[in-house]
Amino acid sequence: MIGILRKLKRFFPTPSGRAVLLSLDHGANEGMLSGLNRMPELLEHIATRNVQGVVLNKGYARAHGLSLPPSLPLVMQLSAGTRHGLPAWNKALVCSIPEALRLGADTVSVQINIGNELEDRMLADFGSVTEEAHQHGLPVMAVIYAKGERIVKELDPSLISHCIRLGGELGADLVSVPYSGDRQSFARAVQSCPAPVLVAGGPGHPNPENLLNMIGEALECGASGVSIGRNVFQQENPQEVLDNLIALVHSLPPDEADTESGAEAEQLAPEQGA
């Protein structure tokens, strides 16, 4: 497991101990999504910023992987589905661990949607991916949403808490979920999770200020960072939004900043999702 721990350390640099992951894998599901036509421009901007990882599908990893700095972790998305499918929340594995390794992946990601008739197959996919990835020393990020005919409110606090718990129970090394908006239940679930919890962008936030307020609240609840896509690249000025997001995630309260300013250059990933 040493290889996994070494790779995870790169996601949580000091002094903040938090991660900013930019998810640019939405095109498989959405098609010609506005904002993603600027992929080279986005990647060029990311290369000069304090970002800890980029999530890509294998085709764009092959096309643009060499433009990423070697120090920037590549998170390979193994799951895909389209919004035209029946049901639209279906996600299937479209990339293998060996292929991800050949393309230079430092971590792999699997999406699981719970509360629907395909939940069992997506959970089985995650189990098989985790076993094989860990054999190769690759961390696995579980991106978990509540989506399906049985789901009335996708951001229901009890559902989001269950998503967090599920990721921890099934051995994810990183867990990405949307923020429920309920401080108490979210903080309790994050605290109980053995893996760091990242906040996914969730529904679109046309107002960047609302996005930053949501992220700030989730960080106060113990989230270890963010894994966000459309709420950055679909903004009118994505570079500015990303810079503001990085400043927020990597900021520290004054008392913590004073005590950690002289910390070592690296630290182990948080063990309790803090």
Side-chain angles (χ1 to χ4, degrees), residues 1-8 10-11 19 21-31 33 36 39 43 52-114 116-145 147 163 166-177 195-196 198 200 227 229 269:
M1 299 292 284
I2 292 177
I4 294 173
L5 293 177
R6 285 178 57 86
K7 291 180 176 67
L8 284 174
R10 297 168 61 192
F11 287 106
L21 273 62
L22 191 61
S23 299
L24 302 177
D25 57 337
H26 298 66
N29 184 74
E30 302 291 339
L33 194 63
L36 284 183
M39 183 78 79
L43 293 177
Q52 283 62 61
V54 178
V55 184
L56 294 173
N57 288 310
K58 61 182 182 180
Y60 277 82
R62 183 181 298 114
H64 299 288
L66 288 178
S67 66
L68 299 176
S71 59
L72 179 63
L74 171 61
V75 181
M76 190 73 65
Q77 178 58 262
L78 306 186
S79 304
T82 76
R83 59 189 176 88
H84 310 293
L86 292 175
W89 46 80
N90 179 32
K91 296 292 180 181
L93 295 179
V94 294
C95 181
S96 67
I97 297 298
E99 187 171 17
L101 287 169
R102 289 194 299 270
L103 290 169
D106 301 285
T107 299
V108 294
S109 174
V110 177
Q111 182 166 339
I112 305 160
N113 294 326
I114 66 170
N116 59 73
E117 66 274 27
L118 297 174
E119 174 188 293
D120 60 337
R121 199 259 301 145
M122 284 183 270
L123 289 174
D125 286 347
F126 180 75
S128 63
V129 163
T130 303
E131 180 182 12
E132 186 176 3
H134 285 174
Q135 288 176 351
H136 292 278
L138 276 178
V140 181
M141 179 168 73
V143 181
I144 310 179
Y145 292 91
K147 292 180 179 291
C163 289
L166 183 63
E169 292 281 357
L170 297 187
D173 303 294
L174 297 167
V175 180
S176 176
V177 299
L198 305 179
S227 178

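Side chains are part of it too, since the values below use all heavy atoms of this structure and drop only hydrogens, waters and symmetry mates.
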(Q) Would Leu123 and Leu166 count as a side-chain contact (heavy atoms from CB on, under 4.5 Å) here? Give the steps. (A) CA-CA 10 Å; Leu123 289 174; Leu166 183 63; 3.9 Å; yes
Q | Criterion side-chain contact (heavy atoms from CB on, under 4.5 Å) on Leu43 and Tyr60, from CA distance to verdict | A | CA-CA 11 Å; Leu43 293 177; Tyr60 277 82; over 6 Å; no
Q: Mind running side-chain contact (heavy atoms from CB on, under 4.5 Å) on Met76 and Leu138 for me, showing each step along the way?
A: CA-CA 11 Å; Met76 190 73 65; Leu138 276 178; over 6 Å; no
Q.
Working note: Ser79 + Leu93, criterion side-chain contact (heavy atoms from CB on, under 4.5 Å); need CA distance, chi angles, decisive distance, verdict.
A. CA-CA 5 Å; Ser79 304; Leu93 295 179; 4.1 Å; yes
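Atom NE2 of His64 is separated from atom CE of Met39 by 5.5 Å, given to the nearest 0.5 angstrom. Atoms CE and OG1, on Met141 and Thr130 in that order, are 12.5 Å from each other to the nearest 0.5 Å. Rounded to the nearest 0.5 angstrom, Ser96 OG and Lys58 NZ are separated by 7.0 Å. To the nearest 0.5 angstrom, Ser109 atom OG is 9.5 Å from Asn57 atom CG. For the atom pair Asn29 CG and Gln111 CD, the distance stands at 7.5 Å (nearest 0.5 Å). Rounding to the nearest 0.5 Å places CD of Glu30 at 5.5 Å from CZ of Arg83.
Between Gln135 and Ile97 the shortest side-chain heavy-atom distance does not fall below 4.5 Å. Inter-residue side-chain proximity for Asp125 and Lys91 is flagged as unmet; no heavy-atom pair is nearer than 4.5 Å. Between Glu132 and Pro98, the closest side-chain pair of non-hydrogen atoms falls below 4.5 Å. Using a 4.5 Å cut-off on side-chain heavy atoms (C-beta onward), Glu117 and Trp89 make contact. Using a 4.5 Å cut-off on side-chain heavy atoms (C-beta onward), Asn113 and Leu118 make no contact.
Closest heavy-atom contact between Asn116 and Lys147: ND2-O, 2.7 Å. When all heavy atoms of Leu56 and Leu68 are compared, the closest pair comes out as CD1-CD1, 4.4 Å. Residues Cys163 and Val177 come closest through the heavy atom pair CB-CG1, 3.8 Å. Residues Val140 and Ala133 approach most closely at CG2-CB, 3.5 Å, considering heavy atoms. Taking all atoms of both residues into account, the shortest heavy-atom contact from Pro70 to Arg10 is O-NH2, 3.4 Å. Residues Leu8 and Pro139 approach most closely at CD2-CB, 3.9 Å, considering heavy atoms.
Under the side-chain contact (heavy atoms from CB on, under 4.5 Å) rule, Phe11 has a single partner from Leu198, Asp173, Thr107, which is Thr107.
For Arg6, the CZ atom is loosely surrounded, since the number of other residues' heavy atoms within 6.0 Å does not exceed 12.
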